[in-house]
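Below: one structure, written as structure tokens.
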Amino acid sequence: MDKKKPKKVFVKGAIPPEKIATSIANHQSKTNIGAHSIFLGQIRADEIDGKKVSAIDYSAYEEMAENVFHEIREAAFSKFDMTCCHIYHSLGQVKIGEICLFVFTSSAHRKIAIEACNYLVEEIKAKVPIFGKEIFEDETHQWKVNK
Amino acid sequence: MDKKKPKKVFVKGAIPPEKIATSIANHQSKTNIGAHSIFLGQIRADEIDGKKVSAIDYSAYEEMAENVFHEIREAAFSKFDMTCCHIYHSLGQVKIGEICLFVFTSSAHRKIAIEACNYLVEEIKAKVPIFGKEIFEDETHQWKVNK
Amino acid sequence: MKLTLRYFGMIAEATGRTEEILNVSDQIKLYDLKDQQIKKYKIQDPEAVQLVVNQDLNTSTVLKEGDEIAFLPPFAGG
Amino acid sequence: MKLTLRYFGMIAEATGRTEEILNVSDQIKLYDLKDQQIKKYKIQDPEAVQLVVNQDLNTSTVLKEGDEIAFLPPFAGG
């Protein structure tokens, strides 16, 4: 399918729910698909030492990150019999309650779509040079670290 | 959260992508959520003995099915620390390429949302009395059986 | 006693109806009822037919007046 | 030789810049460069700082003219 075409992952600001609907609708012509698995990361209003997070400001080593995203997709295609695979990640400020990560996998059968989606999420968290500044309501900040 | 309210799962015909976008948007005010996991079942144009599926006509033992859906949701809430959980399934005719199942789980952390979503999908496939008539392009049909 | 029988999916197709009310002996057991209807309607693959009394999968085999017995073919949700 | 250094996230915050071009001895190794810059900018938690040469995580420690060396703090994608 669209395995070989390198795709841009980063989007400016939050990922709107309508973008997700459009992505889903775009797959209705692919009638060999039986299952989609979607993961969405949403910004949490964490409270740290009495201060509440109001947004995360994402930055990245962009050129490297796009390459790593591409490699992760390629690895997923070689491991899993996916029909399609799409990844979008925010750059810049994303407010609490908004979506910052959208991973979308499709396959003929559910187990493949689900496993591929999980694989991609874990790989993205571990390997892509993206940095997150947690901005508190009082405009101070701290740097987020993935667990 | 909305654990106790029994909810109607069945919808008439295909589940439109816009319904999925609306569900996602409705969770932006829940700022304790960090991760959503979504599973979508889509009708495949399977070819069987040279005949191509054009739609599935879903029927159900509705009263029992709504009860089983409710029990499955309750069990998932007791097993997984979810914030929210939504399930929608089509009744009646759903064409190839359209969505017939929408499972949506949310949690503070990704592993819980993902595991809960997988659990729900497997439980739904195994335990809910839903029946599917695969309609071929020549208007003959056969009955679908879950594997 | 009177029982309500409900048929679904390929079973409803075989019986030509989705529901019927039967008048049966008070002593009839669930498996007898199943055998009787399977033969009557020549329902294929009886092993795959699951009977549910009053929407409860964990059902007893003893029947009583007014019970609703559903004849369910294999599930195909999702 | 000339090297391009790039700083990200909390490291860019500590250095006060996102990029600089350094003129260094041809013999400098990657870990020497790391030590030197960590000390210069008093970067906290040096164990957590990962250096990447020309965007390649599987990088050699030998540097050459024109290399781009990125100083990366812990990842926080998703």
Side-chain angles (χ1 to χ4, degrees), chain A residues 14-47 52-56 83 94-111 113-115 117-119 121-122 124-125 146-147, chain B residues 14-47 52-56 83 94-111 113-115 117-119 121-122 124-125 146-147:
Chain A
I15 297 162
E18 298 74 40
K19 188 185 180 71
I20 298 160
T22 306
S23 276
I24 294 166
N26 285 344
H27 289 75
Q28 302 210 327
S29 58
K30 302 199 175 176
T31 57
N32 54 337
I33 292 174
H36 304 288
S37 183
I38 293 175
F39 178 84
L40 302 173
Q42 180 168 303
I43 308 295
R44 256 196 336 263
D46 278 349
E47 210 174 297
K52 213 166 140 194
V53 170
S54 67
I56 294 184
T83 313
V94 186
K95 294 201 186 69
I96 53 171
E98 292 183 327
I99 306 292
C100 60
L101 172 62
F102 170 28
V103 179
F104 185 15
T105 57
S106 308
S107 176
H109 300 286
R110 68 184 182 280
K111 284 187 202 301
I114 290 169
E115 278 173 31
C117 190
N118 296 350
Y119 171 83
V121 171
E122 295 306 317
I124 291 165
K125 297 246 177 197
N146 274 352
K147 276 174 284 199
Chain B
I15 297 162
E18 299 73 38
K19 187 183 180 72
I20 298 160
T22 306
S23 276
I24 294 165
N26 285 344
H27 289 75
Q28 302 210 327
S29 58
K30 302 198 175 178
T31 57
N32 54 337
I33 292 173
H36 304 288
S37 183
I38 293 175
F39 178 84
L40 303 173
Q42 180 168 303
I43 308 296
R44 257 197 334 264
D46 279 347
E47 211 174 295
K52 214 166 140 194
V53 170
S54 67
I56 294 183
T83 314
V94 186
K95 294 199 186 71
I96 53 171
E98 293 184 325
I99 306 291
C100 59
L101 172 63
F102 170 28
V103 180
F104 185 15
T105 56
S106 308
S107 175
H109 301 286
R110 69 184 181 281
K111 284 187 201 303
I114 290 169
E115 279 174 28
C117 191
N118 295 351
Y119 171 83
V121 172
E122 295 305 318
I124 291 165
K125 296 248 177 198
N146 275 352
K147 277 173 285 199

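Chain letters run A, B, ... following the sequence lines, proteins first, then strands; residues in each count from 1. Fair warning: this is a prediction, and the values are worked out from it, not measured in the lab.
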(message) Looking at every non-hydrogen atom in both residues, tell me the closest pair between A:T31 and B:G97 and how far apart they are.
(response) CG2-N, 4.1 Å
(request) Check each atom of A:K111 against the heavy atoms of chain B and say whether the ones under 4.5 Å are side chain, backbone, both or neither. (result) side chain
(request) Looking only at non-hydrogen atoms, find the nearest pair between A:Q28 and B:Q42 and report the distance. (result) CA-NE2, 4.2 Å
(message) What's the separation between atom OG1 in B:T22 and atom CD in A:E18, rounded to the nearest 0.5 Å?
(response) 8.0 Å
(request) Can you measure from CD1 (B:I20) to CD1 (A:I20) and round to the nearest 0.5 angstrom? (result) 10.0 Å
(request) For chain B, find which of A:I33, A:N118, A:I96 contributes the most heavy-atom pairs closer than 4.5 angstrom. (result) A:I33
(request) Could you tell me the separation between the CD1 atom of A:I15 and the CD1 atom of B:I24, rounded to the nearest 0.5 Å? (result) 10.5 Å
(request) Spell out the residues in residues 99-109 of chain A that have some non-hydrogen atom less than 4.5 Å away from a non-hydrogen atom of chain B, in order of number; otherwise answer 'none'. (result) A:I99, A:A108, A:H109
(request) Pick whichever of B:S23, B:A45, B:P16 has the most heavy-atom pairs under 4.5 Å with chain A. (result) B:A45
(message) Can you list everything that forms a side-chain contact (heavy atoms from CB on, under 4.5 Å) with A:A14? Sequence neighbours excluded, please.
(response) A:V94, A:E98
(message) For B:S37, which atoms come within 4.5 Å of any heavy atom of chain A: side chain, backbone, both, or neither?
(response) both
(request) Would you please name every residue forming a salt bridge (Lys or Arg N to Asp or Glu O under 4.0 Å) with A:K19, sequence neighbours left out? (result) none
(request) Kindly write out the residues that satisfy side-chain contact (heavy atoms from CB on, under 4.5 Å) with B:K125, not counting sequence neighbours, or none if the list is empty. (result) A:R110, B:V121, B:N146
